[in-house]
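Before any comments, here is the structure.
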2 protein chains.
Amino acid sequence: MELTSTAYVILGMLHWRPRSGYEIKSAVDSSTRFFWAASYSQIYPELKRLEKLGLVEGEAAPQGGRQRRVFKVTAAGRRELRKWLERPAETFELRSEGLLKLFFSESASPERGIELLREQAARHAANVEQLREIESELDKGGYPYLVLRNGIEFNEWASDWYERAARQLARRAKAAA
Amino acid sequence: MELTSTAYVILGMLHWRPRSGYEIKSAVDSSTRFFWAASYSQIYPELKRLEKLGLVEGEAAPQGGRQRRVFKVTAAGRRELRKWLERPAETFELRSEGLLKLFFSESASPERGIELLREQAARHAANVEQLREIESELDKGGYPYLVLRNGIEFNEWASDWYERAARQLARRAKAAA
DNA sequence: AAGGACATGTAACTAGTTACATGATTTG
DNA sequence: CAAATCATGTAACTAGTTACATGTCCTT
């Protein structure tokens, strides 16, 4: 069975514990969104589809007068998740407007390249800060922690790389003047 | 004026020299595609739109009986490109199925996590090889070369990180056994 | 003669974002 | 009592991919 990537995010999130659509979205927003996002308009229809396929099961769980449906993954759903995990990963996509601008920045003013590099360095440094805040809340040793470490170390590397490149360009510009 | 990202790729590619839609696509495929892709079905309609806006100018340049239109960027187009380059970069998106699988791999067999890490390491190592082949063809010192170096060094870092993480998990599994 | 590269485009589809719509509960 | 959060969903739109359609030119 070939499911959408959003389906596997849902299955994975429900494998830890049952959740409502809203809770799945919150979980995604504070974890996988850095490398795999999902919106309400993907999650809610996908939950219906997965239910029809028998991979998840929804149950009414209102909180007072507030409607609420909590979903749990079925045995068939767990099987699908494991099968997906066994297959090698395919998609790896990077979309970086910063690299695109840098690529073309011969067409800008001579200082702009250096500025762009510093902007990217600052952005990745800010990402490191943001991710570090999540770090303390996480169980060391688990896979989510390992993935978070990847995020932190990637952003450290990137911030560093851009900073070094900026210094190199600045040095070169000075030498030419 | 707010244009699509594809528009700026086209403007940037034409700033170096006039090109046909087909040549723009080839240029993208051997350079920006690693961080900004574009397909024929985006490029051809976009060229028409840019021509209507007066940012590029097309000229018939058939090769024998083979129809061909070569586009060049206008003064207004160059202005738009420079204005875009002056604005800070916004989009930075990463979509990694590998990280997603790793995130959920508690739900797989105990060995699968290590395997996934090694698969990612191999993939990024292959990317390094691929990018190195482009390296020799490029003018050192230019921005495209700088961007290529970013690609090479990122993939080296990533391959390394996954390799180290795999060894760490393997060690931990051995210690537990 | 066949296959690959050159060349231009459209149609259909898939994925994903943003805006809209509604309403309950909790917290300051 | 107002704002934030919890909760579910649809509609409209934007972006992007894949498949299709057509035809020329060059190399083997």
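So you know, we letter chains A, B, ... as the sequences are listed, proteins then strands, and number each from 1.
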Original post:
Just wondering, do A/V9 and A/I43 contact through their side chains at under 4.5 Å, heavy atoms?
Top reply: no

Original post:
Does a side-chain N or O from A/Y22 land closer than 4.0 Å to OP1 or OP2 of D/dT8, or not?
Top reply: no

**OP:** Determine the contact category for A/S39: base if any of its heavy atoms lies under 4.0 Å from a base atom, sugar-phosphate if only primed atoms, P, OP1 or OP2 are that close, otherwise nothing.
**Re:** base

Original post:
What are the 5'-most and 3'-most nucleotides of DNA chain C lying under 4.0 Å from any heavy atom of chain B?
Top reply: C/dA5 to C/dG16

Original post:
Parallel, tilted or perpendicular for A/F154 and B/W157, by the 30°/60° rule?
Top reply: tilted

**OP:** Give, ordered by number, those residues of residues 55-70 of chain A having at least one heavy-atom distance below 4.0 Å to an atom of DNA chain C; if nothing qualifies, reply none.
**Re:** A/Q63, A/G64, A/G65, A/R66

**OP:** Would you classify A/R95 as touching base, sugar-phosphate or nothing, given that sugar-phosphate means primed atoms plus P, OP1 and OP2, and contacts are heavy atoms under 4.0 Å?
**Re:** sugar-phosphate

**OP:** With rounding to the nearest 0.5 Å, note down the distance linking NZ in A/K25 to CE in A/M13.
**Re:** 11.0 Å

Original post:
Got B/H15 and B/L81 here, is their nearest side-chain heavy-atom distance under 4.5 Å?
Top reply: yes

**OP:** Would you classify A/K25 as touching base, sugar-phosphate or nothing, given that sugar-phosphate means primed atoms plus P, OP1 and OP2, and contacts are heavy atoms under 4.0 Å?
**Re:** nothing

**OP:** For salt bridge (charged side-chain N to carboxylate O under 4.0 Å, His left out), just list the numbers for A/K83 and A/E80, CA-CA rounded to whole Å, side-chain angles, deciding distance to a tenth of an Å, and then say yes or no.
**Re:** CA-CA 5 Å; A/K83 268 168 57 188; A/E80 273 311 309; 3.3 Å; yes

Original post:
With a 6.0 Å cut-off on ring centres, are A/H124 and A/Y162 close enough?
Top reply: yes

**OP:** Could you tell me if the ring centre of A/F103 sits under 6.0 Å from that of B/W16?
**Re:** yes

**OP:** Looking at every strand, decide which applies to A/S26 at a 4.0 Å heavy-atom threshold: base, sugar-phosphate, or nothing.
**Re:** nothing

Original post:
Can the ring centres of A/Y8 and B/F104 be said to be less than 6.0 Å apart?
Top reply: no

Subject >> B/Y44 or A/T4, whichever maps to the more 5' nucleotide of DNA chain C >> reply: B/Y44

